Structure formats: C-alpha cells, structure tokens
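Order of the sequence lines fixes the chain letters, A, B, ..., with proteins taken first and strands second; residue numbering starts at 1 for each chain. Bear in mind the structure is a predicted one, so any value in this text is a computation, not a measurement.
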2 protein chains.
Amino acid sequence: MKAEKISEFTTHRLSIYLRCLAALDEEGVETISSKSLAERFNLNSAQIRKDLAYFGQFGVRGVGYPVRDLRRRISNILGLDSLHKVCVIGGGNLGMALAEYGGFLQHGFSVVAVFENSPAKIGTTWRNGVPVVSIGDLKETVRARGIEMAMIAVPAAAAREVCERVFDAGIRAILNFAPVRVVPRPGTKIQSIDLSISLEGLSFFLAGRATGTR
Amino acid sequence: MKAEKISEFTTHRLSIYLRCLAALDEEGVETISSKSLAERFNLNSAQIRKDLAYFGQFGVRGVGYPVRDLRRRISNILGLDSLHKVCVIGGGNLGMALAEYGGFLQHGFSVVAVFENSPAKIGTTWRNGVPVVSIGDLKETVRARGIEMAMIAVPAAAAREVCERVFDAGIRAILNFAPVRVVPRPGTKIQSIDLSISLEGLSFFLAGRATGTR
DNA sequence: TTCTGTGAATACCTTCACAGCG
DNA sequence: CGCTGTGAAGGTATTCACAGAA
C-alpha cells in the first residue's frame, strides 16, 4: 500500500466494487476487466484501475482482474476479514430498526447491544436477541464484548454528549444519525447520515425543475 | 440566480447553514458574518460567501448577513417554503421507523402514507396516524394526496422494480435505502443511503489505524 | 475600518492516452 | 493483440487575497 492518503471517494467505490465482485464470484465468474466492471456502474475504467492501484497491482495485463482474489483483497483492505461488533445507542424507532436490520450481518457487521436510558426498556431483549443495556454500562459492555463501532440514534439534543461517552468508552468510529454536527476527537472518525438534509437535497432538485432551471 | 449549475456540495452546505440560521434566528441574533458562521462548522468563510453568491447578493459589506432574511432566502432556494408530502415504500422495521421519525415534520416533510404489499399490514394505521396502503394503490394515492417524494425501504431484490413503479406514479425524487444502485430516469433524482457501505468506510478507517497508517 | 463578493491560485478528483507486460 | 498501470491533461471544488461598498 502506498503512503498517500486515500480519499473517501475511493473507499466508497471500493465498497461498491466489492459488492459487485461478491456477486460475480457467486456466479462463478473468474476474471473481470476494469472496462466491464466500469460499465456496471457507468463509471470510467481508469477510475477503477486507479482506485485499485493505490493498494497494489492486482491485475493481469491483457486479461483483467481475478475475481475471487480481488474480492479477498478489497475485503482485506476495508478491514472486513473479521466480523465487526457494533452497538446502537438509543432504543427508539430508528435505533430498534437498526438493531434489527438484517443487511448488516450479511456485510460483516453484527449488532450486539442497544444502549438506552429508559428503565422501562433496559434489561429486555429485542426480537432477534439483541439485549437492551443501560447506557451506564456502556464502558464495561464495550470492553467485555469487544464493540468497535457505534450507531447514534438519539435525539439531536443528546447527540453531542452521547458521542463523548462513546469515545470515552473506547470506541473510535461512529455512524451518527442525529441531525447535529459532532466534531471527532483526534484518532476517531464520525460519519453522519442526516435524513432531513438528504430530503432537502431532493427538495432543491424539485424546486429547480419547477422554476424552469431544467 | 445564475445560470451555472449548483453542485451537491453546495446544496448540502446550504442545508447546514439553514439549520444554524434557524437556531440563531430563534436566539434573536440579527446579523452574522461569514467568518463567524464558518467557525461553527470549521469551514472556510470564502466557501460560505461563494455558496451564497450563486444565488444573489444577500450580505451587507462591513456588516454581514441579516439572519432572518438569509434564513428565508435559503429556505426558498431549497424549496422549503411549503410542506412536502413524502411516502415510504416498505412497511418493515426501517420503513416504519422512517414513517414515525419526528425529525422530518420539523424540517418541512410530512410522511402521509406507507405502501406495503403484505395484506396483513394493509389497511392498518401506524401509531402517529400514517395509513398503510397497498402498493397497488400507489398511483391513485400519490395523485390524490399530492405526494412528491418516496423513501424506499424494501429488500434489495425488490428495489429496482419498486423505483420504476414510483416513477410511473409520477414521483420524481427518491431517497433509496436499499443497497442497490438504481439509475434515475431523465428528469428524476435518486439519492441513496447505504448503511452497510457507511459502516465499511468506518471499518477502513479502523483497519488503517490498526496497521499503523495512522 | 469591517466584511462582502469575486478573480486568481491551489488542491483535489477524474478522464485521457499510451507505454509496456502477458 | 488486450488490458493493466500510470503520467499528463482536464475538470471541479476549495482557499487565498484583495478591491470595493457600507
């Protein structure tokens, strides 16, 4: 791997390539060229080659990339060789939906706990067996269960404080759903998904067409 | 407004500015400079001025921007003057969580229906009064209720077909949660949120630190 | 003087185009 | 030959720096 720092655009595309390679591998396809891979996402083939070249020389000139091998390597690059343990903070609707979402496990992420502060919910077990734990037990549970990431699904007002507690518990990666900008500590990463802002982007698009911008 | 096309980076930031301006307005602040606004998101002040300049000259030299006025204008630019009616396709956990999420209404989006294909759920009403409607009635309901946007929360396998039906029903803006790339029709827009890919980005970050990339 | 609005400079991301290997 | 890997070119986004208005 080269010393340069990799952009998020690249890592995002790696995930996309990985999905496609997994499907191809399952189909029994053994080799794929950057060109035919590119066509699937209407993307430039040089883009794919550049993305991969950051991490080594995986291809065979005149042939293409060996599907299974490339799949394994990208999986490795993304740190997906082993299952990642994830927790959800906040046992409201969104939190519970996240805890139960089947897609995570399929991609190597296992939700092992939901943290809550409402006594009524603490101690219960969610449908698929995920325990609802007191937020007070965050630190011990994180350590005991080897939790590496947290998904924050608490009200906006609580988000900042919750992130601090999560960092204090030793977690260094957060996926934040609260509509609040939180600044990561050095050595940590926060990725935010703001549903209202996404909808506002769509609203802008619709408004533009309406006023004839086309 | 200038003829240039506006990048998504800009519109995304406009949403962020809007949030901040709303808070300032509520606090009674009357004027804000690009510099002090920039400090809140550690962002460059020229960035903010450029973003706003695409749409007109809103500021007063030597003073800054009038908070309430700028708030109204951005709101207008983003098409947020009126409430937007939104539907959810898919009545699973995620779909129901989206239907009940209070944050949308606060930002001008109202979820007015959840579309489902399971007969057991159709005809029921979700907690906050959102009706669960048969996907077969999509077109009529969209027309009758003036629905402008759809949030897709169906399994990956169904996503593509569902998007087609949504477009056929006259909706031109989609927020897609299914882990599938869907190509928008001309004149439509699809914004995708892929939870697993977001987690993979975090996994890459953690993997990098672990191998000493720092 | 302060702070906007904006051309110029820079940094970054993508695409082109081709040398070179299998 | 076909396709990768990559320097060079082309675009786009961000930042700098300053002229000019209040």
query: Where do B:Ile32 and B:Leu24 come nearest, in terms of heavy atoms and distance?
result: CD1-CD1, 3.3 Å
- request: Provide, to the nearest angstrom, the distance between the CD atom belonging to A:Gln47 and the C1' atom belonging to D:dT6.
  value: 14 Å
message: By nearest heavy atom, map A:Val60 and A:Arg49 onto DNA chain C; which one lands nearer the 5' end?
response: A:Arg49
field: Euclidean distance, atom CG of residue A:Asn44 to atom P of D:dT6 [Å, nearest integer]
entry: 16 Å
Residues A:Lys35, A:Glu39: salt bridge by 4.0 Å N-O rule: yes
- request: Run the salt-bridge test on A:Glu26 and A:Arg68 with the 4.0 Å N-O cut-off and return the result as yes or no.
  value: no
statement: Nearest heavy-atom contact between B:Arg185 and B:Asp168 is NH2-OD1, 3.0 Å
query: Base, sugar-phosphate, or nothing for B:Ser7, non-hydrogen atoms under 4.0 angstrom?
result: sugar-phosphate
- line: In short, A:Val154 meets A:Ala178 closest at the heavy-atom pair O-CB, 3.6 Å
task: Write down the distance between CG (B:Leu70) and C1' (C:dT4), rounded to a whole number of angstrom.
output: 13 Å
message: For C:dT6 and B:Gln57 - does any side-chain N or O of the residue sit under 4.0 Å from the phosphate oxygens OP1/OP2?
response: yes
- line: Heavy atoms of A:Ala156 and A:Val180 approach each other most closely as O-CG2, 3.4 Å
side-chain N/O B:Tyr54 vs C:dT6 OP1/OP2, d < 4.0 Å: no
task: May I ask you to decide whether B:Arg19 forms a salt bridge with A:Asp194, counting only side-chain N to carboxylate O separations under 4.0 Å?
output: yes
query: Rounding to a whole Å, what distance do you find between A:Arg73:CZ and D:dT4:C1'?
result: 14 Å
- line: In whole angstroms, the gap separating P of C:dC13 from CG of A:Leu43 amounts to 15 Å
Side-chain atoms of residues 42-49 of chain B: list all donor-acceptor pairs with protein atoms under 3.5 Å, sequence neighbours left out, distances to 0.1 Å.
from, atom 1, to, atom 2, distance (Å)
B:Asn42, OD1, A:Arg181, NH2, 2.8
B:Asn44, OD1, B:Ala46, N, 2.7
B:Ser45, OG, B:Arg49, NH1, 3.1
B:Arg49, NH1, B:Ser34, OG, 3.0

- line: In short, the helix from C:dT1-D:dA22 to C:dG22-D:dC1 is bent end to end, axes from five pairs each side, to 10°, by 0°
query: Is A:Tyr65 near enough to D:dG2 that one of its side-chain N or O atoms lies under 4.0 angstrom from OP1 or OP2?
result: no
query: Would B:Glu148 and B:Arg172 pass as an ion pair if we require N to O under 4.0 Å?
result: no
Can you tabulate the close N/O pairs, meaning under 3.5 Å, that link protein atoms to atoms of nucleotides 8-11 of chain C?
from, atom 1, to, atom 2, distance (Å)
C:dA8, N6, B:Lys50, NZ, 3.3

query: When you measure from the side chain of B:Asp69 to the backbone N and O of B:Arg73, does any donor-acceptor pair fall under 3.5 Å?
result: no
- prompt: Taking the inter-plane angle between the rings of B:Phe41 and B:Tyr17 on a 0 to 90° scale, is it parallel (under 30°), tilted (30 to 60°) or perpendicular (over 60°)?
  reply: tilted
- prompt: Do B:Glu140 and B:Arg145 meet the salt-bridge criterion of a basic N to acidic O distance under 4.0 Å?
  reply: no
query: Which whole-number value in Å describes the distance from A:Glu8 CD to C:dC12 P?
result: 14 Å
Under 3.5 Å, N/O pairs linking protein and nucleotides 19-21 of chain D:
from, atom 1, to, atom 2, distance (Å)
D:dG20, N3, B:Arg61, NH1, 3.3

message: Just the rounded figure in Å: distance from P of C:dC3 to CG of B:Leu52.
response: 16 Å
message: Holding to side chain to side chain contact (heavy atoms under 4.5 Å, CB included), I want the full list of residues that pass it with A:Ala169, two or more places apart in sequence or in another chain.
response: A:Leu138, A:Lys139, A:Val142
message: Using a 4.0 Å cut-off on heavy atoms, which residues in residues 13-41 of chain A reach DNA chain D? List them by number, or say none.
response: A:Ser33, A:Ser34
task: Round to a whole Å and report the spacing from CZ of B:Phe58 to P of C:dT6.
output: 11 Å
message: Please find the pair of heavy atoms, one from B:Leu18 and one from B:Ser75, that lie closest to each other, and give the distance.
response: CD1-N, 4.1 Å
- request: Identify which nucleotide among D:dC16, C:dT6, D:dT14 has an atom closest to any side-chain atom of B:Ala53, counting heavy atoms from C-beta outward.
  value: C:dT6
